[in-house]
Every structure is written in structure tokens, then in C-alpha cells.
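Step one of this worksheet: look at the structure below.
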2 protein chains.
Amino acid sequence: MDNVNTIIKHAEQYCKTHGARLTPKRKKVLSSMLQSTKALSAYDIIDFCKREFNETIPAMSMYRILEFLENEHLIHKLKLANKYVACAHITCNHDHAIPQFLICGQCDKVREISINKSTIRKLRENVETAGFELVSPQIEMNCICLSCKHSVA
Amino acid sequence: MDNVNTIIKHAEQYCKTHGARLTPKRKKVLSSMLQSTKALSAYDIIDFCKREFNETIPAMSMYRILEFLENEHLIHKLKLANKYVACAHITCNHDHAIPQFLICGQCDKVREISINKSTIRKLRENVETAGFELVSPQIEMNCICLSCKHSVA
DNA sequence: TTCCAAAATGTTACATTGTAACATATCATA
DNA sequence: TATGATATGTTACAATGTAACATTTTGGAA
């Protein structure tokens with residue numbers, strides 16, 4: 001939780017550097033996501049903010065806040081699951097690598113890992129050969145995490 | 001179009017080998033998808049069947065038919081786009097490689113290509129190191145096709 | 001300090017995608 | 001042709017997402 005505050009502060013600083021405003025609501029949304037180990041849907045976050053902060057955020061606003069946070073690279077949208085996760089590298093100051101997401105189909109737990117550059121290069125070559133161009137090489141993979149795997153038997 | 005019929009026949013044979021039934025409705029749905037160069041949503045296909053075959057298929061039935069066709073590996077579900085495409089390899093008799101999809105974000109055109117095995121192996125290793133297990137290594141990538149890229153300017 | 005334009009948030013009313021629960025029709029074959 | 005399995009239809013919703021317009025808040029400029 002203290003860790004969460006540290007990250008929020010980082011995010012705040014980062015936004016300031018280019019005149020973006022991390023408003024109280026945006027902060028609450030980001031904080032909700034940082035506190036979760038699993039991917040959350042927009043409506044999950046709405047519920048969380050209501051429970052945790054007693055703050056009612058309408059769906060439209062939530063989607064706008066999520067869009068803002070995504071543009072700031074503070075969160076990622078997982079299209080595979082229609083869910084959102086905080087970026088695992090907010091406090092890193094270097095440029096971020098291309099993210100690769102492992103999503104547990106049972107419990108929505110998410111792990112963000114990085115693809116090495118040579119693999120990405122190969123993918124990009126494949127794509128160009130086929131007459132397409134990669135817009136975002138973010139890759140999301142359907143997985144099952146070990147704890148779910150073992151509990152299912 | 002003749003090509004479509006050939007593929008449908010293959011699919012029919014393929015289903016017969018394990019007692020699955022490619023009913024007239026299922027055939028119409030598969031045929032619709034084979035005639036399209038782009039990914040279609042369930043409701044797109046419903047519209048297409050109405051227009052082309054004057055056949056009204058309720059949403060529930062459409063989803064069930066799509067599920068059947070997916071289980072038979074005759075189509076793929078693209079989770080990135082919530083859309084469906086016919087498998088590009090229905091008439092191949094060999095086992096299918098892991099599919100990799102390039103999806104044009106502008107026009108929904110889809111290209112199905114194959115990842116080479118060493119790349120897949122690397123991915124799988126990455127995933128296992130992180131304490132997850134790959135359920136389906138199908139990869140979908142947000143792209144833009146060259147014709148859309150050029151027309152956008 | 002006050003006023004204004006831009007940015008952020010709220011409201012309403014829908015569109016789209018998908019499914020649960022139950023009813024009916026069709027088929028394969030004993 | 002009777003019967004159980006398979007396929008399809010119906011109804012009524014749940015979940016996700018957005019368009020259009022209204023209101024509030026905020027950070028400067030006059």
C-alpha cells in the first residue's frame with residue numbers, strides 16, 4: 001500500500017512533465033488498479049471505487065479516465081479480456097519495452113513480461129511480408145496460472 | 001465461389017469422419033465467412049445470411065453455430081476484435097500450425113500466417129518461467145494493412 | 001481579483017456483444 | 001415408427017461501450 005503511494009507519486013511527477021493532470025478521480029482509478037493483482041473491467045473498477053472510496057464514477061467517465069491513463073502509459077488495456085491492468089513499470093524511468101501479457105483464463109491474474117528484441121524483429125518481418133504493418137506489437141496470451149492449474153486437478 | 005464450394009465439401013467430409021454434422025445452417029454460416037475477406041462479428045453474419053440466403057438466424061443460434069465451427073477448427077474466433085474468420089487451411093489435410101493473425105484496425109481485413117516453431121518454443125519458455133502455462137498460443141496482432149495505410153495518407 | 005476558454009466530469013439514452021433458461025423441432029436408428 | 005440425442009428457436013437479460021449534450025472545475029489572461 002505504501003508501495004502504491006510511491007507509484008502514484010511517480011505517476012504524478014511523470015504527468016506534470018508534459019502538462020497532464022492526474023486528478024483525484026484519475027488517481028483513485030489508478031490506485032484501484034495498483035491494488036489489484038488481476039485484470040479489472042471498467043465496471044469492476046467502478047464497483048471498487050464505490051466500495052473503497054465511496055465515490056460513484058459513471059461508466060462514461062470511467063472509460064474516459066481509462067483512456068487518459070492508457071495514453072499516459074500508466075495502464076494497459078487487455079483486449080483479449082476487455083480488462084485493464086496497471087503498467088508494471090511506472091517507476092522505471094527508462095523507455096518501456098514492448099509488453100507481453102499472460103492472462104490466466106480462470107482467475108484473470110495477469111503477468112506483464114517483456115519480449116526480447118530479436119523475437120519482436122522476427123514477428124515484424126513476418127507481418128511485413130504479409131503486406132501488413134504492426135500498429136502495436138503488444139501481445140496477449142491466454143494462459144492458466146499454476147495455482148489455478150493445480151486447484152482444477 | 002466455386003472455391004467456396006470445394007472448401008465446404010472438404011469441411012463436410014472432415015466433419016463426417018468424426019460424426020459431426022455440418023447442417024444446412026452451419027454450412028450457410030461457414031459459406032458466409034468464406035466469402036468474406038474480413039473478419040465478421042456474429043451480428044454481421046446474421047445480416048449476411050438474411051441478405052444472401054433470406055435466412056433469419058437468431059443470435060443465440062449463431063453463437064452456437066460459431067462455437068461448433070470453432071470446435072471443428074473450421075473457423076477462428078478473434079478475441080481482439082470480437083470477430084470471426086474462416087480458417088485459411090480447411091482444405092489442407094495435415095495438422096494445422098499455431099495460427100497467428102494480422103488484423104487491420106481500419107478495415108478488419110485479416111491475414112492468417114504461421115509462426116515458426118522455434119519462436120513458439122521461446123514464447124512458451126518465457127511463459128513457464130513466469131509461472132503460467134500457455135493454453136492457446138494463438139496470437140493476434142493489431143495491424144494496419146498497406147492499402148488502408150496508403151489511403152489514410 | 002475576476003473572467004474566460006479549455007479541460008474534466010456528469011447525464012441520458014442507446015448500440016453492440018453475448019448468454020441463461022427453457023421450448024420446440026429434427027435426425028439417426030433400434 | 002417410437003425414442004433419445006442433437007440442433008434450433010424464444011424470451012429476457014447481463015455486460016461492455018459510446019454519442020451527444022450539459023455542467024463543473026481549473027489555470028491563466030486581462
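These figures come from a predicted structure and were not determined experimentally.
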Rounded distance (Å) that lies between atom [atom2] of [N] and atom [atom1] of [X]:
{"X": "B:Lys25", "N": "C:dA25", "atom1": "NZ", "atom2": "P", "answer": "13 Å"}
{"X": "B:Tyr43", "N": "D:dG17", "atom1": "OH", "atom2": "C1'", "answer": "15 Å"}
{"X": "B:Arg64", "N": "C:dA20", "atom1": "CZ", "atom2": "P", "answer": "11 Å"}
{"X": "B:Ile57", "N": "D:dT10", "atom1": "CD1", "atom2": "C1'", "answer": "15 Å"}
{"X": "B:Leu80", "N": "D:dT16", "atom1": "CG", "atom2": "P", "answer": "17 Å"}
{"X": "A:Ile45", "N": "D:dA15", "atom1": "CD1", "atom2": "P", "answer": "16 Å"}
{"X": "A:Met62", "N": "C:dT11", "atom1": "CE", "atom2": "C1'", "answer": "16 Å"}
{"X": "A:Phe53", "N": "C:dT9", "atom1": "CZ", "atom2": "P", "answer": "15 Å"}

### Message
Both atom distances under 3.5 Å, Watson-Crick or G-U wobble: I'd like the secondary structure of DNA chain D as a dot-bracket string, with | for pairs made across strands.
### Response
||||||||||||||||||||||||||||||

Might you list the N or O atoms of the protein lying below 3.5 Å from N or O atoms in nucleotides 3-6 of chain D, with each pair's distance?
none

### Task
Give one of base, sugar-phosphate or nothing for B:Ser61, where a contact means two heavy atoms less than 4.0 Å apart.
base

Phosphate OP1/OP2 of [N]: any [X] side-chain N/O under 4.0 Å:
{"X": "A:Thr23", "N": "D:dT25", "value": "no"}
{"X": "B:Tyr63", "N": "C:dG18", "value": "yes"}
{"X": "B:Asn82", "N": "C:dT16", "value": "no"}

### Message
Side chains of B:Lys50 and B:Asn54: any donor to acceptor distance under 3.5 Å?
### Response
yes

### Task
In sequence, state the C-alpha distance, the side-chain angles, and the governing distance for A:Glu72 and A:His18, and then conclude on side-chain contact (heavy atoms from CB on, under 4.5 Å).
CA-CA 10 Å; A:Glu72 294 298 317; A:His18 44 272; 2.5 Å; yes

### Carboxylate-amine/guanidinium proximity below 4.0 Å for A:Lys27 and A:Glu12
yes

### Task
Inspect the contact between B:Glu55 and B:Lys28 and indicate whether a charged nitrogen and a carboxylate oxygen are less than 4.0 angstrom apart.
yes

Side-chain touch [X]/[Y], heavy atoms, less than 4.5 angstrom:
{"X": "B:Tyr84", "Y": "B:Leu40", "value": "no"}
{"X": "B:Asn5", "Y": "B:Lys9", "value": "no"}
{"X": "B:Glu112", "Y": "B:Leu78", "value": "no"}

### Nearest non-hydrogen partners of A:Cys148 and A:Ile144, listed with the distance
CB-CG1, 4.0 Å

